[in-house]
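So you know, we letter chains A, B, ... as the sequences are listed, proteins then strands, and number each from 1. Excluded from the calculations below are hydrogen atoms, water molecules and symmetry mates; all remaining heavy atoms, backbone and side chain alike, are included. What you are looking at is a predicted structure, and each value in this text was computed from that prediction instead of being measured.
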Amino acid sequence: MALTGVQIFKLLPKTNCKKCGHPTCLAFAMKLAQRQASLDSCPDVSEEAKQVLGEASAPPIRPVTFGAADKAAKMGEETVLFRHEKKFVNPCAFAVEVKDTMSGDEINKIADDVLNSEIDRVGQKLRVDAVFISNASNDAGKFESAVKAVAAKAPAVPLIISTSNPAAAEAALKLVAGKRPILYGADESNADAMAGLAKTYKVILGVAAKGLDALSTLTEKIKGLGVDDMVIDPGSRNAKEIIQDNTLIRRAAVKKNFKALGYPVITFAQRDDKMLELLMAALGVAKYSSIVVMSSIEKWKDLALFTLRQNIYTDPQVPMQVEQKVYNIGEPTPESPLMITTNFSLTYFIVSGEIENSKVPCRLAVMDCEGLSVLTGWAAGKFTASKIATFLQESGIEKDLKNKELIIPGYVAILSGAIEEKLPGWTITVGPREANALPAFLKSR
Amino acid sequence: MAFAVPKETYSGKVFELTIGSEKTVVFGGENVLPFNAFEGSVPNRPLIAYEIQDIPPDDWPETVRKVYEGVSGNPVAWAKYCQDTLNAKAIALRLVGTHPDRNNYSPEEAAKTVKDVLAAINVPLIILGSNNADKDSLVLVAVSEAAKGKNCIIGKAQEANYKTIAAAAMANNHKLIAMSELDINLSKQLNILITQMGFDKEKLVTDPMCSALGYGLEYTYSVMERIRLAALAQNDMTMQPPMLGDIGMYVWKVKETQAPESDLPSWGSLEERGIAWETATAGSLLLAGAELFIMRHPSAVQAVEKFIDELM
C-alpha cells in the first residue's frame, strides 16, 4: 500500500536543504507520494528510510517471470480485484500436466500438442504456455527421464517441475536450470532443502501449504532463507475453496499490502470431465490465478480459454481493435457487395458475424478509427467522408469490383452525399443501422 | 507477520425470487459476491432454464438443433422433453414466431401456445417475446393474462415498451425482466422507471444484456460485477434484483459455434467447441454475479450445474 506524503515526510531528514530541487522536505515528500520524484534525489536520506520507502513502493504482488526468451511468461504485478477498476496486468499462464508415469509416446504427444497450440486471435498469438511435469511415480530416475524428454522435444517451453523430493528435484534441475523453470513442491517438511535448491539453481520456488495461515508462515520462512521469487499454492482444489483462497490472497496483497501472500498463485484445474475442467480453468482466469494447470489439451478447449483470458485481461479503457483492411467473408466474386465499418473489434465481430449468417459472400472494409464504434467514430471525426474515400482509394479494392458500390452503415447515412463527391463514379448505398438487420438487407438485394 | 483474514461485510443483499406455481424454484438472496460463502450467506443455487421456442429452431446451428429433433416442431412436446427427459428446473419459452419478420403470429396465437405449454408442464415458465419492441408490447400483454396465476417471469421490458409490459406483469402477478444495453446507468434507470409505476422492485430481474465469449463478454462481465457491487457495498436497492444471463441466443450465432473443423483445423471439434462456448460464457457470467440463465445445449447445462455443485 502506498504511503501518504506525511508518512514519507516523517522518514526524511527534515532539513529543508533544497538539494533535491524542492523548496522543503514536505514538498519533496508530496512529490514522492505522487511518484513524481525519486528518493535518489535526496543525498541525506537514511538507509532505514530507503528500505521502508522501497518496500512501500514495490507492487503488492511480486513480479515473477518464468521460462526464458520469447516464450517467457510474466506473472504477478496485479493491483486490483475487479477488471473495471484497472487493467489486469499479466494474463494467467496455462500449463498442461505430464506425469512421469506416462509412456514416452504419451509424453511426446503432449509436448507436440503444446508446440502446436498457438492460435492467432484478433492479432494476438495465444498458446498453452507451459508444461507441468509431476513426479507421480515417486521415482527420481523416472522423473529425470520425463523432464529430459519434454526438454528435448519442446526446449523453449517454460517448465514447472513438480516433486517434493529434493534429490529428484536436483537431478531434474541440472537438466533445465538455465531456462528459469519453477520448482514446485516446497512444503513444511522440505522447505530448507528446496529453498537451497532454488538458490543454487536460481529458479522460482512453488510453495504449497494447506490454508493461508500456514502458507504465509512458510513463505516468510523461505524468504528468510534467501529466496525471493515464489509462486504459491494454498492447497485448495475444489471450486468453492479456490474462489475463497484466491479472493482472500488477492485482497490481503492488494488492500492490506500483506507481503507474505503477495506472490502469483498456481491453481490445479484437472478434471476427468473436460467441460468441467474448462470451467475450473475459467475460474482461475477470472479469479486471480497466475498459472492454471490442466490435464489435457483439446483444441476446442484451448480456443475457449484463450478467448476468455483475452476478454478478461483486456484493458477496460482501451477498446480492442482489428487490423485495417478489406476482409473477404465467404468467397466474394466481382459482383459481391462491398461494405464498410470501423475497426472496433466488437463492431467488426458483430458485423462480420451477421454477414456470415446471411450466407451472402461480401467484402467488408474495416477502417482504422482507433477502436471506436461507427457513431462515436463519426462523432470524433475519425469516420468521415474524406477519410473513407482515402482509405478505399489506397486499398486498391476498386480493381476487384464489377460495380463501384459501397454500402455504409445506416447510422452515418448523412455521409453518403459527401462520400459520393469524394469518390467520383461510385454509388453509395445506405445499409441498415443495426448489424442484426444485415441478413435481411443482403438477402433482399 | 500473522495473517489476518481480510473479510468484507456488505450492507446490501440481492432480492430472493420465487417463481412457478406447482413446482416452485427460488434464486438470488445472497449478501456476498458470487460464491463468497465464507463471509456471508449464499442460500440458493443459480437457476438454469432450458430455452425452447414457438417455431422450429431452423436458425440454430446443427450441434444444438439436432438435440431437439423430433420434439422441436411442437412447443408442448419440446417443453415436456426438457422437463421429463432433461430434468429442466425451469423452461424459457421464446415467442420468436411473433416477430413481424418471422411468422408474425398474433398475440392470441401466442397466448394459446403459452396456455398449452403451461398445461403440459409443472416447472416454472419464463415467457419471452421476440425482441421487437412494438410487437412485444402487444404479445407480452396477452400472454401475461393467459398465464395468470402461474407466477411466471415475463420479458423483456425495455425502455421503449416497459410501461405496457410492466403493467400487464403487475396485473397478473408475474415477475418481470428489465433489459437495457450494457450500461449500469441505463440498467438502474430502467429499474427505477419500472418501480415508479408501482411495480414491486422485489419482483424484477435485471438483464444488463448478454454477450458471447469473444464477442464483448468482458463488457457484460464488468457491468454485472459493477451492478452486484452497487447492490452489496452501496446497498443500492435499484441494483438488487437478481441478474439474467440470456446465454443461448448470443452464443449459438457466433462463428465459433458454426464453423466446421475442416475449415478451421486449429479450432478443433465443432461439436465440443459449440458446447464449450456456451459453457464458458455461462460459467464466466456465473462468476460475475448472474443468478438466472437461459441456455440451449443440455451438455452445457450439465457442465455448468456440476460447476455450481462445486461452487456451492
Side-chain angles (χ1 to χ4, degrees), chain A residues 82-84 116-122 212-213 215-217 220 238-240 243-244 247-248 251-252 255-256 258-261 273-276 278-280 282-283 285-287 298-305 307-308 310-314 316 320 345-346 349-350 352-354 356-357 440, chain B residues 1-8 33-39 59 101 211 213-219 221-223 225-226 229 253-256 258-259 261 265-277 279-281 283-284 286-288 299-300 302-304 306-307 309-312:
Chain A
F82 303 102
R83 62 175 296 282
H84 63 263
N116 295 326
S117 65
E118 193 163 282
I119 297 172
D120 196 316
R121 193 172 186 283
V122 211
L212 301 184
D213 240 341
L215 185 59
S216 319
T217 310
E220 294 216 310
N238 79 31
K240 183 180 182 171
I243 207 169
Q244 167 178 335
T247 301
L248 291 174
R251 266 191 211 156
K255 298 180 85 173
K256 309 283 180 199
F258 184 68
K259 293 289 179 194
L261 294 178
D273 176 338
K274 294 306 155 211
M275 283 298 160
L276 189 57
L278 165 68
L279 286 166
M280 293 300 296
L283 172 63
V285 171
K287 292 293 164 191
E298 277 88 15
K299 288 175 176 168
W300 54 266
K301 191 174 83 197
D302 288 355
L303 185 70
L305 282 173
T307 306
L308 178 65
Q310 195 175 43
N311 284 173
I312 297 291
Y313 279 84
T314 296
M320 294 271 289
S345 65
L346 217 51
F349 280 137
I350 292 169
S352 62
E354 293 293 354
E356 273 174 31
N357 283 348
Chain B
M1 194 170 22
F3 174 67
V5 180
K7 283 193 182 169
E8 302 266 0
L33 288 174
F35 307 102
N36 285 0
F38 57 90
E39 57 193 1
D59 54 343
D101 295 345
S211 18
L213 176 61
Y215 296 81
L217 177 71
E218 67 272 30
Y219 293 89
Y221 184 92
S222 281
V223 170
E225 281 198 329
R226 292 179 62 198
L229 282 167
K253 66 178 186 186
V254 307
K255 191 174 177 181
E256 282 79 354
Q258 318 210 14
E261 190 176 3
S266 68
W267 284 12
S269 150
L270 172 60
E271 172 88 13
E272 273 116 336
R273 195 197 318 137
I275 296 166
W277 226 255
T279 301
T281 303
S284 320
L286 193 66
L287 298 171
S299 301
Q302 282 154 17
V304 177
K306 273 194 200 171
F307 190 43
D309 288 342
E310 264 200 45
L311 283 162
M312 289 297 290

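Contact detail for A:L278 and B:A280: the closest heavy-atom pair is CD2-CB, 4.3 Å. The two atoms that bring A:L308 and B:S284 nearest to each other are CD1-OG, 3.3 Å, heavy atoms only. Nearest heavy-atom pair across A:A252 and B:P6 is N-CG, 3.8 Å. The two residues B:A2 and A:F258 have their closest heavy-atom pair at O-CE1, 3.5 Å. Nearest heavy-atom pair, B:P34 versus A:I243, reported as atom, atom and distance to 0.1 Å: O-CD1, 3.7 Å. The two atoms that bring B:W277 and A:A304 nearest to each other are CZ3-CA, 3.4 Å, heavy atoms only.
Taken from CD in B:E310 to NZ in A:K240, the straight-line distance is 11.5 Å, to the nearest 0.5 Å. The distance from the CH2 atom of A:W300 to the CD atom of B:E256 is 14.5 Å, given to the nearest 0.5 Å. Rounded to the nearest 0.5 Å, atoms CG (A:L303) and OG (B:S266) are 7.5 Å apart. Going from atom CD of B:E272 over to atom CD of A:E298 covers 7.5 Å, rounded to the nearest 0.5 Å.
Heavy atoms of A:K287 lying under 4.5 Å from chain B belong exclusively to its side chain. When heavy atoms are compared at a cutoff of 4.5 Å, A:N357 approaches chain B solely by way of its side chain, counted from C-beta outward. Both the backbone and the side chain of A:L248 come within contact range of chain B, with heavy atoms under 4.5 Å apart. Both the backbone and the side chain of A:N238 come within less than 4.5 Å of a heavy atom of chain B. Residue A:I119 touches chain B through its side chain alone, counting heavy-atom pairs closer than 4.5 Å. The contact between A:L212 and chain B is made by backbone and side chain atoms together, counting heavy-atom distances below 4.5 Å. Interface residue A:L283: backbone and side-chain heavy atoms are both found under 4.5 Å from chain B. Using a 4.5 Å cut-off between heavy atoms, A:E118 makes no contact with chain B at all.
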*Please lay out, stage by stage, how B:R273 and A:K299 fare under the test side chain to side chain contact (heavy atoms under 4.5 Å, CB included).*
CA-CA 8 Å; B:R273 195 197 318 137; A:K299 288 175 176 168; over 6 Å; no
*asked:* Does B:E218 form a salt bridge (charged side-chain N to carboxylate O under 4.0 Å, His left out) with A:R83? I'd like the steps, not just the answer.
replied: CA-CA 9 Å; B:E218 67 272 30; A:R83 62 175 296 282; 5.4 Å; no
*Show your reasoning for whether side chain to side chain contact (heavy atoms under 4.5 Å, CB included) applies to B:Y221 and A:N311.*
CA-CA 9 Å; B:Y221 184 92; A:N311 284 173; over 6 Å; no
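Residues B:F35 and A:Q244 form no side-chain contact, since every pair of their non-hydrogen atoms from C-beta on lies 4.5 Å or further apart. In this structure, A:R251 and B:E8 have side chains that are in contact, with non-hydrogen atoms separated by less than 4.5 Å.
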